[in-house]
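Both backbone and side-chain heavy atoms feed into the values below; hydrogens, waters and symmetry mates do not.
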Amino acid sequence: MIYLCRHGQTQFNREGRFQGQTESDLTALGRAQARAMGELLADLVAREPSDAWRIVASPLRRARNTAEAIAERTGLPLTFDDRLLEISVGEWSGRLREDIRRDNPELFASYEWAFRAPGGETFEDVTARVAGWLADQAPEGQRRLIVVSHGVAGRLLRGAYAGLSRADTLAQEVPQDAVYRLLAGQIDRFDCAPVEDPELA
């Protein structure tokens with residue numbers, strides 16, 4: 001069993017900037033989302049008690065901080081794996097999405113835009129590393145994992161797990177306030193309790 005989640009909202013998310021493997025800190029809302037994921041996951045893990053549960057996350061700070069909030073709530077051990085990193089978006093890192101869209105509108109006609117950044121990774125690059133990570137885990141009946149990753153990497157991990165087509169893989173949602181369970185070839189979504197943005201309260 002794997003529970004997969006995306007990090008909470010970051011400053012770059014809020015500003016509409018491409019992140020890729022560039023560091024960007026969680027916003028106040030992102031920290032609240034991380035705590036909400038911790039609450040939800042503590043409940044979900046309690047339904048399947050096992051000494052095998054652990055958390056593994058991308059080492060990027062936004063995923064690390066989200067995972068740390070989950071670890072604090074669940075009491076589970078936390079490790080990091082570079083294969084769960086977000087896609088590299090090369091020369092687009094840190095740039096505003098709208099600037100890229102204005103200059104290259106044709107690139108955003110489909111979900112393929114993420115793989116068109118100059119100097120960035122391809123669909124095949126990211127799929128190979130997340131699928132490689134998945135293949136190295138214990139058999140499904142034995143594994144008990146909480147995984148904290150990113151938008152594109154999380155999409156491709158779910159696609160690799162379920163054997164989805166490229167189009168279906170890229171069309172998946174990437175919420176920052178939900179958890180996906182990967183079990184028996186199925187993917188199920190669990191939504192966190194709603195949280196308010198502290199900066200707007």
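With Trp53 contributing its side chain and Glu48 its backbone, the two residues share a donor-acceptor pair below 3.5 Å.
Looking only at side-chain heavy atoms (C-beta outward), Ile187 and Arg189 stay at 4.5 Å or farther from each other. Side-chain contact between Tyr180 and Leu182 is present, with heavy atoms from C-beta onward closer than 4.5 Å. No side-chain heavy atom of Trp133 sits under 4.5 Å from any side-chain heavy atom of Arg129. The shortest distance between side-chain heavy atoms of Val195 and Asp177 does not fall below 4.5 Å. Taking the side chain as every heavy atom from C-beta outward, Arg158 and Leu4 approach each other to under 4.5 Å.
Between the side chains of Ser24 and Gln11, no donor-acceptor pair of N or O atoms lies under 3.5 Å. A side-chain N or O of Gln176 and one of Asn13 form a donor-acceptor pair less than 3.5 Å apart. Using a 3.5 Å distance cut-off with no hydrogens or angles, the side chains of Thr10 and Gln19 do pair a donor with an acceptor. Remark: the Gln186 side chain and the Tyr161 side chain contain no N/O donor-acceptor pair separated by less than 3.5 Å.
Remark: Asp25 does not engage Arg62 in a salt bridge, criterion side-chain N to carboxylate O under 4.0 Å. A salt bridge is defined here as a Lys NZ or Arg NE, NH1 or NH2 lying under 4.0 Å from an Asp or Glu carboxylate O, and Arg166 with Glu124 meets this definition. Between Arg14 and Asp197 there is a salt bridge, with a side-chain nitrogen of the basic residue lying less than 4.0 Å from a carboxylate oxygen of the acidic one.
The side chain to side chain donor-acceptor pair (under 3.5 Å) test with Asp99 is passed by exactly one of Arg95, Arg97, Arg102: Arg102.
Cation-pi geometry between Arg181 and Tyr3 is not satisfied (NZ or CZ under 6.0 Å from the ring centre, within 45° of the ring normal).
Scanning all heavy atoms of the two residues, the minimum distance from Leu60 to Gly20 falls at CD1-O, 3.9 Å. The minimum heavy-atom distance linking His7 with His150 is given by the pair CD2-ND1, 3.3 Å.
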Handout entry: Test side-chain hydrogen bond (donor to acceptor under 3.5 Å, both in side chains) applied to Gln9 and Thr27, step by step
Key = CA-CA 6 Å; Gln9 185 197 65; Thr27 61; 2.7 Å; yes
Contacts under 3.5 angstrom, residues 78-87 side chains, donor-acceptor by atom type, not counting sequence neighbours:
{"residue": "Asp81", "atom": "OD1", "partner": "Arg83", "partner atom": "N", "Å": "2.9"}
{"residue": "Asp81", "atom": "OD1", "partner": "Arg83", "partner atom": "NE", "Å": "3.1"}
{"residue": "Asp81", "atom": "OD2", "partner": "Arg83", "partner atom": "NH2", "Å": "3.0"}
{"residue": "Arg83", "atom": "NH1", "partner": "Asp136", "partner atom": "OD2", "Å": "2.6"}
{"residue": "Glu86", "atom": "OE1", "partner": "Val152", "partner atom": "N", "Å": "3.4"}
{"residue": "Glu86", "atom": "OE1", "partner": "Ala153", "partner atom": "N", "Å": "2.9"}
{"residue": "Glu86", "atom": "OE2", "partner": "Gly151", "partner atom": "N", "Å": "3.3"}
{"residue": "Glu86", "atom": "OE2", "partner": "Val152", "partner atom": "N", "Å": "3.1"}

